[in-house]
Amino acid sequence: MSIICIIWSLFQLYTAAFGVFPPTLQRAPHLGFALVLIYLLYPFKRGARRDHIPLYDFLLAALSAAVTSYHVVFYRALIDRAGAYTPLDIAVSALGVLLVLEATRRVAGPVLVSLAALFLLYGYFGPYMPGFLAHRGYSFSRIVTHSFLSTEGILGVPISVSSTFIFLFLVFAAYLRKTGIGDWLTKLAIGIAGGATGGPAKAAVIASACQGTVSGSSVANVVGTGSVTIPLMKHIGYRKEFAGAVEAAASTGGQLMPPIMGAAAFIMTEFTGVSYAKIAAAAAIPAILYFTGVFTMVHLEAKKAGLKGLPREELPSAGKLLKEKWYLLTPIAGIVFFLVTGRTAMLAALYGIILTVAVSFISRDTRMSLRGILQGLEEGARSALGVAAACATAGILVGIITLTGLGLKMAHGIVELSGGNIYLTMLFTMIASLILGMGVPTTANYIIQATIAAPALVAAGVKVLAAHLFVFYFGIIADVTPPVALAAFAASGIAGSEPFRTGFEASKLAFAAYLVPYIFALSPSLVLIDVTPLEIIKALVTSIIGMIGVGAAIAGYLVRRCSYWERAVLFAGGVMLVDPGTLTDAIGIVVVSLVFLWQKVRAAKDALAGKA
């Protein structure tokens, strides 16, 4: 199994260095390696002994190798048939779908598998679905071949991401651990932020915001910064699901942070006729509010869990660490440099791996042997198994969405169901954007929504730029919205957490992204439409306070743990403050201040009672 892991890693490194193969030939071997290893490493029942592999798992591993090799061996024939599939194609596809589902159940649990099964049933029993979602059902053969043989199902967008830069960044993370650079970075981060409450998690939020604005990719951001920040968060006591969620939420927000906001923001200039500089400026306040919400949640979670900073005498000296081994920052700085200068995420990760191995030879205590280099390849492959399985099953959901036209039906349904009501239009647009975000990349999602949903928002009275930013935001936040939350899946692979639970934690942390678009759609001053400089400052200050109130309500903690009525009041007051109106700001400040003072008084009384 070590040899299989090493060969898999070498295959991925080869394609990064010399060019990716055509989609099917790149993704099918990636999936095959993952399935074979999962069946050999993960027993049928969780908790079962792992020192013995039953015969049926060897059989399942062999079948996995066979069905994924089918794509390679019959690559030209499958293209020539162009959908005219044979009985053997159908049988292989059905077996492939079942093998993917079982492998995902073993490594990621039953939730995602159950959702995939539900989507498959929807594809088959479509005629019996009521309402505007109804469509003609598809045959068993059409569903399984679309799911397994096309590049819109299991071998679709999610596994494409897994088979390119996610895997390489996981190998990069493995080498950071093997060389000791990860430990050195841990000490450095603790020296800088370890004294603050939940310091490493706060550092993760800041780092992800900075890198995300460069990379323009939620998943690339997760695997780029998460290989360092997630171990830091786990080190000080954060739950592994929460550590992965922090990185996923912060990394997803990176696409919202000017000046570089991903390709979709550039396309927005064509749809709206607004310059990119104005779009970036308009996105600034919502992005600040997003990260304020995430930062607040991180701080309050640390306070609630009692995760205090380290005592000053226990903190390592950041200055001494930098003076002695500053060169160990080279791999991280190199990745940022390569991304900034326009290299692909795959090449940036490859160069990062090379730099990590190279700088390890400068010092004896970090130097890697041949054995260590091979172990790094093996560990990187093992850490990719959960991500690959989750992405493969997410591809089944994507395949059903594209096959049935569910995403487009939802978008068209907005116009019919809302009847021109602005609140219903925004709600249905959000749902459509999130569903489309499961199946298509941010750019494609924005293009579809800009042509279908944004005009409906404009017709309902939303300003053009605010309407396009609305669909843009919800298309991005799909990366942390279960059931298909690619950023959370990538983070869970690094954190060693359960992917679905990590996705729910991330969506809770990213709550600001679900709230803020409604506010700026109704009150466009937040996106700098018809607003004076003084009003901008006022809106920014009150909105930040409001996000603190909303974050406290969701976390259930402000000065102390909040009761249910305190959480409800904080949430209402926070939302009023985010809405940039004079009356709502006044009410919000009074409400949030009263809860804060009430908790301060109760905390003081409890402290006096404790001393007595």
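The analysis underlying the following values was restricted to heavy atoms, covering all of them including side chains, and did not include hydrogens, waters or symmetry mates.
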ask   = Taking all non-hydrogen atoms of both residues, which atom of Leu300 and which atom of Leu558 are closest, and how far apart?
value = CD2-O, 3.9 Å
Enclosure of Arg501 CZ (heavy-atom neighbours >12, cutoff 6.0 Å) = no
task = Would you name the heavy atoms of Ala282 and Val527 that are closest together and state the gap between them?
result = CB-O, 3.3 Å
query = Less than 6.0 Å separating the ring centroids of Tyr473 and Tyr290?
reply = no
query = So, does Tyr238 use its side chain to make a donor-acceptor pair with the main chain of Val298 at under 3.5 Å?
reply = yes
inquiry  = Contact between Ile494 and Glu247 at the side-chain level, heavy atoms closer than 4.5 Å - yes or no?
reply    = no
key: Stepwise side-chain contact (heavy atoms from CB on, under 4.5 Å) test for Ile554 and Lys508   = CA-CA 8 Å; Ile554 297 171; Lys508 188 171 71 172; 3.4 Å; yes
inquiry  = Looking at every non-hydrogen atom in both residues, tell me the closest pair between Phe470 and Met430 and how far apart they are.
reply    = CE2-N, 4.1 Å
request  = Would you check if the side chain of Lys463 reaches a backbone N or O of Pro524 as a donor-acceptor pair within less than 3.5 Å?
outcome  = no
query = Are any non-hydrogen side-chain atoms of Ile288 and Ile544 less than 4.5 angstrom apart?
reply = yes
ask   = Between atom OG1 of Thr481 and atom CG of Leu434, what is the distance when rounded to the nearest 0.5 Å?
value = 5.0 Å
task = Check whether any side-chain heavy atom of Ile285 sits under 4.5 Å from a side-chain heavy atom of Phe520, and report yes or no.
result = no
query = Would you say Glu505's side chain and Ala245's backbone share a donor-acceptor pair under 3.5 angstrom?
reply = no
inquiry  = To the nearest 0.5 Å, what is the distance between CD1 on Ile519 and CG on Leu289?
reply    = 9.5 Å
query = Is there a side-chain contact between Pro517 and Leu469 (heavy atoms, below 4.5 Å)?
reply = no
message = I want to check something: taking the side chain as every heavy atom from C-beta on, are Lys240 and Thr502 in contact at a cut-off of under 4.5 Å?
response = no
query = Can you check whether Met297 reaches Phe511 side chain to side chain, under 4.5 Å on heavy atoms?
reply = no
query = Would you find more than 12 non-hydrogen atoms of other residues, nucleotides or ligands less than 6.0 Å from Tyr518 atom OH?
reply = yes
inquiry  = Please find the pair of heavy atoms, one from Asp479 and one from Thr252, that lie closest to each other, and give the distance.
reply    = CB-OG1, 4.0 Å
query = Which value, rounded to the nearest 0.5 Å, describes the distance between Glu301 atom CD and Leu509 atom CG?
reply = 8.0 Å
task = Over all heavy atoms of both residues, which pair between Thr272 and Met268 is shortest? Give the atoms and the distance, please.
result = OG1-O, 2.8 Å
request  = List the steps, then state whether side-chain contact (heavy atoms from CB on, under 4.5 Å) holds for Lys278 with Leu465.
outcome  = CA-CA 10 Å; Lys278 289 184 178 180; Leu465 181 56; 5.6 Å; no
inquiry  = Under the rule for ring pair (Phe, Tyr, Trp, His ring centres under 6.0 Å), what residues qualify as partners of Tyr514, not counting sequence neighbours?
reply    = none
ask   = How long is the span from the CG atom in Leu118 to the CD1 atom in Ile396, to the nearest 0.5 Å?
value = 12.5 Å
request  = Calculate, to the nearest 0.5 Å, the distance between atoms CE and CD1 belonging to Met576 and Ile589 respectively.
outcome  = 12.5 Å
task = Could you check Phe489 against Val222 for side-chain contact (heavy atoms from CB on, under 4.5 Å), going step by step and ending with a plain yes or no?
result = CA-CA 10 Å; Phe489 287 171; Val222 166; over 6 Å; no
ask   = Does Cys562 reach the side chain of Leu570, with side-chain heavy atoms less than 4.5 Å apart?
value = yes
task = State the OH-CD1 distance between Tyr122 and Ile400, to the nearest 0.5 angstrom.
result = 9.5 Å
ask   = Is it true that a side-chain atom of Lys600 and a backbone atom of Val559 form a donor plus acceptor pair closer than 3.5 Å?
value = no
note = What one should report as the nearest heavy-atom pair of Ala488 and Gly503 is CB-CA, 3.5 Å
key: Ser507 side chain to Phe504 backbone, donor-acceptor under 3.5 Å   = yes
query = Under the side-chain contact (heavy atoms from CB on, under 4.5 Å) criterion, do Val569 and Trp565 qualify, and how do the steps go?
reply = CA-CA 6 Å; Val569 171; Trp565 74 264; 3.9 Å; yes
query = Got Val471 and Leu457 here, is their nearest side-chain heavy-atom distance under 4.5 Å?
reply = yes
Donor-acceptor under 3.5 Å (Ser251 side chain, Ala248 main chain) = no
query = Can you list every pair that meets salt bridge (Lys or Arg N to Asp or Glu O under 4.0 Å) and has a residue in residues 540-562, with sequence neighbours left out?
reply = Arg560-Asp606
